[in-house]
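Take a look at the structure set out below.
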Amino acid sequence: MAAEAGKPDRLSNRDVAAILANVADMLQILDANRFRIIAFQNAAEAIRTLGQDIRVVHAEGKLQTISGVGKGIADALDELLTEGRVEEFDKLKEKIPPGVVEMIHIPDVGPKTAKRLWDELGITSVEELRQAAEAGRIRELKGFGAKSEQKILKGIELAAKRGDERTPLGEARPLALRLIEELIEATPEEGITRIEAAGSLRRWRETIGDVDILAISPQSQTVIEAFQKLPQVVDVAGSGETKCSVILTTGLRVDLRVVEPKHWGAALQYFTGSKEHNVQVRELAQRQGWSLNEYGLTATGAGDAAEGEQRFFAEEAELYAFLGMACPPPELRENRGEVKAAREGVLPELVRLEDIRGELHGHSTWSDGTASIAAMAEAARQRGYSYWNVADHSTGLGMVGGLDSKRLREQSDEIAALNEQWREAGEEFRLLRGTEVEILSDGALGLPDEALAELDVVVASIHSGLRQDRETITERCLKAVRNPHVDILGHATGRLIGSRPPSEIDMERILRVCAETGTVVEINAHPSRLDVNDVYARRAVELGCKIAINSDAHETSGMEMMEYGIAVARRAWLRAADVINTYPLDKMLAALKDRRGEAA
DNA sequence: GCCGTTTTCGGCCCGACTGTTTTCAGTCG
């Protein structure tokens with residue numbers, strides 16, 4: 001947590017969300033009203049995924065326009081963002097040692113357990129908890145035994161291994177898909193008739209807490225036994241008749257749930273989440289006189305149907321239709337307005353992988369790529385693209401031997417020759433001449449304007465000096481964005497999921513200037529970047545920006561990462577029209593800054 | 001503490017599994 005008291009101007013949305021979540025944790029330990037706890041959790045989530053800087057919203061006096069923020073929390077946020085601290089929160093902190101709050105993040109240790117361990121054994125840290133469990137002191141408590149101690153020790157080990165980190169989607173997804181394949185192979189013929197990953201994986205969240213797999217099988221016990229015996233499984237956290245949780249060698253937790261065919265629709269809906277989306281849907285069902293669980297609907301007697309009457313759904317869409325709404329694509333199910341839109345029938349037609357006609361940011365052996373331009377072009381053609389922008393690094397990024405003006409011209413000759421071949425063969429495919437020009441530490445670019453002016457598509461990115469202070473890095477980036485030759489701002493925040501935090505850059509200001517100048521904002525599709533993220537992408541389009549989705553491929557297989565970028569765009573509610581590389585070549589070029597209006 | 005197609009009070013989702021229990025509380029998703 002980077003929240004520094006006394007420096008309210010440094011608090012990011014993430015910091016503010018962490019502070020509210022911490023308050024919710026403390027309230028849980030104090031056994032406060034559960035709805036008050038949920039209110040803090042909801043507000044934290046709303047601010048974490050807010051498209052705008054919380055400081056800006058605060059300055060405009062619009063805190064209460066955030067869904068989940070009412071008067072009470074708005075007042076607290078006002079105090080936090082003005083004073084850098086909240087008196088009410090400080091009083092809470094005096095009541096509970098921070099180590100006790102930390103304890104509830106250990107699997108199988110919740111607020112009740114943490115409170116009792118603290119009250120009755122005086123344990124105030126995870127380390128003390130470990131020692132007490134090893135010494136067999138915890139079994140002295142009523143309701144605890146040797147197994148509880150083992151469970152706690154295992155939980156501590158797991159938490160240490162995993163840290164607070166969720167698993168990046170790019171790691172979890174291939175792992176889960178392979179696991180599903182192996183489970184099918186390990187099960188007798190006809191053992192599994194349907195299987196799908198649900199949860200945050202199906203929603204394509206950028207990081208995954210644990211993997212949820214849903215299956216239909218006439219022999220659930222056989223499937224669950226096979227699941228536990230898969231080679232990647234190191235531990236079984238729980239196992240019953242229809243449900244099983246295992247831990248993989250990587251520390252990732254995977255839950256399998258086996259259901260009957262008639263329950264599939266409700267079960268898939270339920271296990272896809274998000275939790276917040278499901279709460280909305282269940283409340284909607286409640287208002288219509290139905291109680292919703294993972295099996296289906298049961299009439300409460302409050303509506304037209306007789307109490308106890310049940311409805312089952314083989315498909316998700318049938319369940320949503322019964323409730324009078326369209327079926328929101330999983331990527332939208334984050335309680336960001338999708339339930340209302342689905343009820344009103346105004347869900348957007350989201351961009352799809354098939355809509356992509358080319359890429360505007362990729363590398364070759366001319367800089368740090370591993371494949372020739374010809375090989376990259378061939379890979380792009382194989383994917384059905386009709387254009388690909390050669391965007392090798394410019395000078396200014398020492399370690400990869402970026403191109404200067406002279407080498408850029410030499411590269412242009414190679415590109416022209418390749419294009420000539422396709423033209424003669426009557427092929428539609430075209431390579432574009434581009435660069436990923438370095439935004440230097442003072443905002444100057446790694447190539448002179450004369451060189452950039454000759455290119456088709458210029459991507460400008462920051463690779464170093466990512467720790468500059470907010471004002472410096474924002475001004476640096478703004479200078480680049482305002483350059484008339486810069487068409488696209490590449491991976492704007494510079495983050496690497498799980499290993500490098502985003503820079504301090506003021507995205508709201510950047511996006512506003514991008515909208516003003518017609519600079520396209522990139523969604524970098526590489527699963528370790530996903531930059532900009534869904535929240536900023538949605539905000540960018542709200543402000544009037546266009547988006548480009550690029551895999552930033554450094555090898556031919558890198559282009560397969562496009563699907564992750566598409567997922568970010570879909571989570572941002574983007575339609576094909578918002579994404580310029582869904583356009584045919586002429587229209588795409590005409591949408592670029594320095595060519596606007598040139599072609600139809 | 002939040003919120004409104006039951007609107008300014010009275011609600012706020014629901015079931016599986018575990019451990020230590022004789023009927024359930026805690027945790028998790």
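Chain letters run A, B, ... following the sequence lines, proteins first, then strands; residues in each count from 1. What's counted below: heavy atoms across the whole structure, side chains too, no hydrogens, waters or symmetry copies.
- In the model, T207(A) has a side-chain atom that pairs as donor or acceptor with a side-chain atom of R166(A) under 3.5 Å.
- For the P atom pair drawn from dC2(B) and dT6(B), the interatomic distance equals 23 Å after rounding to whole Å.
- Taking only side-chain nitrogens and oxygens, Q286(A) comes nearer than 4.0 Å to OP1 or OP2 of dC14(B).
- The nearest whole Å value for the distance from the NZ atom in K147(A) to the P atom in dT21(B) is 12 Å.
- Shown are R203(A), K275(A), R205(A), H277(A); of these, the side-chain hydrogen bond (donor to acceptor under 3.5 Å, both in side chains) with E334(A) is made only by R203(A).
- Closest to the side chain of S67(A), from the set dT20(B), dC3(B), dC14(B), is dC3(B).
- Here dA16(B) presents its C1' atom at 13 Å from CG of D212(A), a figure rounded to the nearest Å.
- Counting any heavy atom pair closer than 4.0 Å across all strands shown, K275(A) reaches no nucleic acid atom.
- For dC9(B) and dA16(B), the P atoms lie 38 Å apart once the distance is rounded to whole Å.
- One atom, CD of E283(A), and another, P of dT5(B), lie 11 Å apart when rounded to the nearest Å.
- We find that CZ of R205(A) is positioned 14 Å from C1' of dG29(B), with the value rounded to whole Å.
- Straight-line distance between the C1' atoms of dG4(B) and dT8(B): roughly 9 Å, to the nearest whole Å.
- Once rounded to the nearest 0.5 Å, the distance linking CZ of R257(A) with CG of L214(A) reads 8.5 Å.
- Remark: P of dC28(B) and CD1 of I247(A) are 12 Å apart, rounded to the nearest angstrom.
- Toward the 5' end of DNA chain B, the nearer of the two residues Y270(A) and V69(A), judged by each one's closest nucleotide, is V69(A).
- Looking at which nucleotide of DNA chain B each of G145(A) and V279(A) is closest to, the 5′-most match is held by V279(A).
- Regarding I37(A), its CD1 atom lies at a distance of 14 Å from the P atom of dC2(B), rounded to whole Å.
- Residue contacts for A76(A): at a heavy-atom cut-off of 4.0 Å it reaches no nucleic acid atom on any strand shown.
- Ring centroids of F313(A) and F322(A) are separated by less than 6.0 Å, placing the two rings close together.
- When the C1' atom is compared between dC17(B) and dT23(B), the two are found 16 Å apart, to the nearest whole Å.
- A 6.0 Å sphere centred on CD of E344(A) holds more than 12 heavy atoms belonging to other residues, nucleotides or ligands.
- For dT20(B), the OP1/OP2 oxygens have a side-chain nitrogen or oxygen of S148(A) closer than 4.0 Å.
- When heavy atoms are screened at a 4.0 angstrom cut-off, N42(A) is found touching no nucleic acid atom at all.
- The interatomic distance linking Q221(A) (CD) with dC17(B) (P) rounds to 10 Å, in whole Å.
- Side-chain nitrogen and oxygen atoms of R287(A) include at least one within less than 4.0 Å of the OP1 or OP2 phosphate oxygen of dT6(B).
- Checked against dG26(B), dC17(B), dG1(B), the side chain of T113(A) finds its nearest nucleotide in dG26(B).
- Among the candidates R36(A), R34(A), Q41(A), the single residue satisfying the side chain to side chain contact (heavy atoms under 4.5 Å, CB included) test with L27(A) is R36(A).
- Atom CD of E60(A) sits in a crowded spot, with more than 12 heavy atoms from other residues, nucleotides or ligands closer than 6.0 Å.
- Here the side chain of A39(A) is nearest to one of dG29(B), dC12(B), dG1(B), namely dG1(B).
- For dT8(B), there is no paired base (Watson-Crick or G-U wobble, both distances below 3.5 Å).
- Using a 4.0 Å heavy-atom distance criterion, I38(A) is classed as making no nucleic acid contact.
- Between S239(A) and the phosphate of dC17(B), there is no side-chain N or O to OP1/OP2 separation shorter than 4.0 Å.
- Closest to the side chain of R257(A), from the set dA16(B), dG29(B), dC2(B), is dA16(B).
- If you check every strand for non-hydrogen atoms under 4.0 Å, K151(A) touches sugar and phosphate atoms only.
- Taking the charged nitrogens against the carboxylate oxygens, D534(A) and R570(A) have no contact shorter than 4.0 Å, which rules out a salt bridge.
- Residue T242(A) has a polar side-chain atom (N or O) positioned under 4.0 Å from OP1 or OP2 of dC17(B).
- In this structure, of dG1(B), dG15(B), dT27(B), it is dT27(B) that holds the atom nearest to the side chain of K112(A).
- Each of dG29(B), dG1(B), dA16(B) was ranked by its minimum atom distance to the side chain of F35(A); first place goes to dG1(B).
- Comparing the C1' positions of dG1(B) and dT5(B) gives an interatomic distance of 23 Å, to the nearest angstrom.
- Comparing the same atom, P, in dT20(B) and in dG15(B) gives a spacing of 26 Å after rounding to whole Å.
- Nucleic acid contact for N278(A): none, since no nucleic acid atom lies under 4.0 Å from a heavy atom of the residue.
- Summarising the geometry, the separation between CZ on R343(A) and P on dG4(B) is reported as 12 Å, rounded to the nearest angstrom.
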